[in-house]
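Data block below; observations after.
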Protein chains: 2
Amino acid sequence: MGIPERKEREKEARREEILNAAQRVFFQKGVAVSTMDDIAQAAELSKGTLYLYYHSKEELYLAAANRGMDIMAHMFQDASATTDDPIMQIFRVGDAYYRFFREQRDFFRMFYFYESPEFHAGVSQGMLDQCRQQDQKVWAVVTAPIKRAIDEGLLHPELDPLEVGIMLWSNANGFLRLLDRNESYWKDAMGVDLLQTLRKSSALLLEAMMTEKAQQKYAGMILYKDSPVTEEEKE
Amino acid sequence: MGIPERKEREKEARREEILNAAQRVFFQKGVAVSTMDDIAQAAELSKGTLYLYYHSKEELYLAAANRGMDIMAHMFQDASATTDDPIMQIFRVGDAYYRFFREQRDFFRMFYFYESPEFHAGVSQGMLDQCRQQDQKVWAVVTAPIKRAIDEGLLHPELDPLEVGIMLWSNANGFLRLLDRNESYWKDAMGVDLLQTLRKSSALLLEAMMTEKAQQKYAGMILYKDSPVTEEEKE
DNA sequence: TCCGTATTCTGACTATCAGTCATTAACTAG
DNA sequence: CTAGTTAATGACTGATAGTCAGAATACGGA
């Protein structure tokens with residue numbers, strides 16, 4: 001009998017319709033000022049129905065944010081797959097983060113909430129697990145080339161991949177957040193090329209962590225020179 | 001007649017009493033779950049009175065956060081004043097941020113809200129100005145030694161003080177935020193010395209930005225060696 | 001000391017919003 | 001067609017930020 005299967009599909013479809021509506025509303029109004037009534041109206045459902053599919057507004061937010069995390073993870077994955085050179089991979093992932101910032105600004109802004117301390121209330125265990133899973137997925141893509149670079153003697157062996165990842169991530173994140181609020185000021189008033197600035201700071205960090213061997217290999221690519229990262233790499 | 005002056009003083013005192021009460025409540029319960037009724041009770045006043053002194057809960061929060069910013073700015077200032085060497089000053093300010101994190105954790109956590117995008121609603125212009133002023137005060141203390149280091153040929157002349165400041169700040173911030181949530185994990189389970197890790201990453205960044213001249217001068221102080229930053233500097 | 005006025009304070013009230021639940025509607029199986 | 005199961009509804013509750021008409025208090029002058 002295919003009826004239970006169809007019902008299951010319809011239930012899943014409705015769950016997704018609700019999430020689509022929520023995402024639209026979040027993007028348009030901002031998470032904090034979006035109400036469940038807004039979302040219900042956008043979904044053409046009553047508010048009560050939303051709660052049959054999601055336990056709380058937070059959960060709906062997290063589900064939407066997870067979509068963004070998924071997009072980001074895929075962009076990182078794709079960027080990393082364009083080369084075999086671990087140092088290049090690190091740069092490419094950094095570039096991908098910048099591209100995510102440019103192309104998925106709404107999601108980028110939604111992530112501001114992610115680390116707000118007042119979550120974990122009214123959120124189901126399943127959703128929390130899903131979040132942790134997404135976190136780990138992104139983190140794995142970020143740390144994998146770092147670990148390889150250390151193993152291959154390109155970065156100093158005393159370094160810990162996690163530590164390096166945090167440094168690069170914090171650096172990029174700090175930059176992009178600042179950018180998000182003061183874009184026009186930076187770009188128009190000061191004429192700063194933002195992608196280059198971000199790259200330069202990442203390059204500085206990476207160069208500092210490289211072994212001599214690697215510094216020779218990548219000499220001239222980074223640090224006060226124009227970065228040829230976007231050109232085809234020479235293996 | 002001294003009566004209007006006395007009244008002015010009393011008004012200011014009441015304003016401060018309210019802020020003290022709000023701070024106590026925010027510290028104890030967390031900003032998000034603190035209610036205006038909580039604060040009114042703590043201040044032994046009615047809720048309506050709070051609104052005669054502050055326009056909104058956000059404004060009360062910002063006033064409390066500004067106190068924290070003030071403490072931080074002073075700690076940075078004091079740390080910077082312990083030496084004349086600009087590179088040392090940068091390290092000392094970094095250490096001071098770590099100390100602020102340790103000693104003023106409640107304020108550190110309150111800052112999470114500061115950058116949340118949904119502010120600027122129900123906040124008076126005066127308060128916003130005060131916030132920007134505090135921001136600039138902290139930023140000035142951070143960038144001053146960086147600027148000096150560039151001018152004195154210790155950091156590469158192509159660098160922009162703002163850019164360097166963002167990099168160091170983002171790095172420290174990213175670290176400390178992670179620490180704030182996973183302290184016991186890092187310390188107990190992995191045996192990482194957090195102050196050393198933070199210093200090492202700052203040192204890596206700084207070393208990468210130094211001129212050869214400076215790298216010689218500060219050789220051995222940083223980068224994979226124990227940092228003697230806390231010892232008396234040798235001028 | 002007493003009165004009119006200005007200032008300060010109060011707490012009941014409103015508006016908004018997340019989340020609930022008794023009721024209704026729709027669908028399914030026999 | 002009917003009984004029973006599942007899905008959907010929207011009025012309702014509780015919490016809370018913010019308001020405001022009026023009470024209480026302080027002051028200055030007679």
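FYI, side chains are in, hydrogens and waters are out, and symmetry mates aren't considered; it's all heavy atoms of this structure. From a predicted model like this one, the values you see are computed outputs, not experimental measurements. Lettering follows sequence order; numbering is per chain, from 1.
- Nucleic acid contact for A:L45: sugar-phosphate only, since backbone atoms but no base atoms lie under 4.0 Å from a heavy atom of the residue.
- Rounded to an integer number of Å, the gap from CD of A:E17 to P of D:dA7 is 14 Å.
- For the residue pair A:N20 and A:R67, a side-chain donor N or O sits within less than 3.5 Å of a side-chain acceptor on the partner.
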**OP:** Show your reasoning for whether salt bridge (Lys or Arg N to Asp or Glu O under 4.0 Å) applies to A:R105 and A:D180.
**Re:** CA-CA 9 Å; A:R105 189 67 67 93; A:D180 188 32; 2.8 Å; yes
Polar pairs (N or O, both sides) under 3.5 Å between protein and nucleotides 22-25 of chain D?
none

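- Between A:T49 and D:dA8 there is no side-chain N or O to OP1 or OP2 distance below 4.0 Å.
- An OP1 or OP2 oxygen of D:dA8 is reached within less than 4.0 angstrom by a side-chain nitrogen or oxygen of A:Y53.
- Going from atom CZ of A:R15 over to atom P of D:dA7 covers 14 Å, rounded to whole Å.
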Original post:
Going 5' to 3' along nucleotides 11-17 of chain D, which nucleotides have protein heavy atoms under 4.0 Å from the base (write B), which only from the sugar-phosphate (write S), and which from neither (write -)?
Top reply: -----SB
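- Residues A:D38 and A:T35 bring a donor and an acceptor atom of their side chains to less than 3.5 Å of each other.
- Using a cut-off of 4.0 Å between Lys/Arg side-chain N and Asp/Glu carboxylate O, B:R14 and B:E17 are scored as salt-bridged.
- Figure legend: A:R199 and A:F91 shown without cation-pi pairing, the cationic atom not lying both under 6.0 angstrom from the six-membered ring centre and within 45 degrees of its axis.
- Taking the six-membered ring for Trp and the full ring otherwise, the centers of A:F107 and A:F27 sit less than 6.0 Å from each other.
- If you take CG of A:L52 and P of D:dT5, they are 18 Å apart, rounded to a whole angstrom.
- With salt bridges taken as basic N to acidic carboxylate O contacts below 4.0 Å, one links B:D70 and B:K137.
- Spacing between atom CD of B:E10 and atom C1' of D:dC27 amounts to 12 Å, rounded to whole angstrom units.
- Taking the six-membered ring where the residue is Trp, B:Y97 and B:W169 present parallel rings, their angle staying beneath 30° rather than reaching 60°.
- Counting to the nearest Å, the C1' atom of C:dC9 and the CG atom of B:L50 are 11 Å from each other.
- For A:K11 and D:dT6, the NZ to P distance is 9 Å, given to the nearest whole Å.
- Distance CD1 (B:I39) to P (D:dG18): 10 Å, rounded to an integer number of Å.
- For the residue pair A:S201 and A:N171, a side-chain donor N or O sits within less than 3.5 Å of a side-chain acceptor on the partner.
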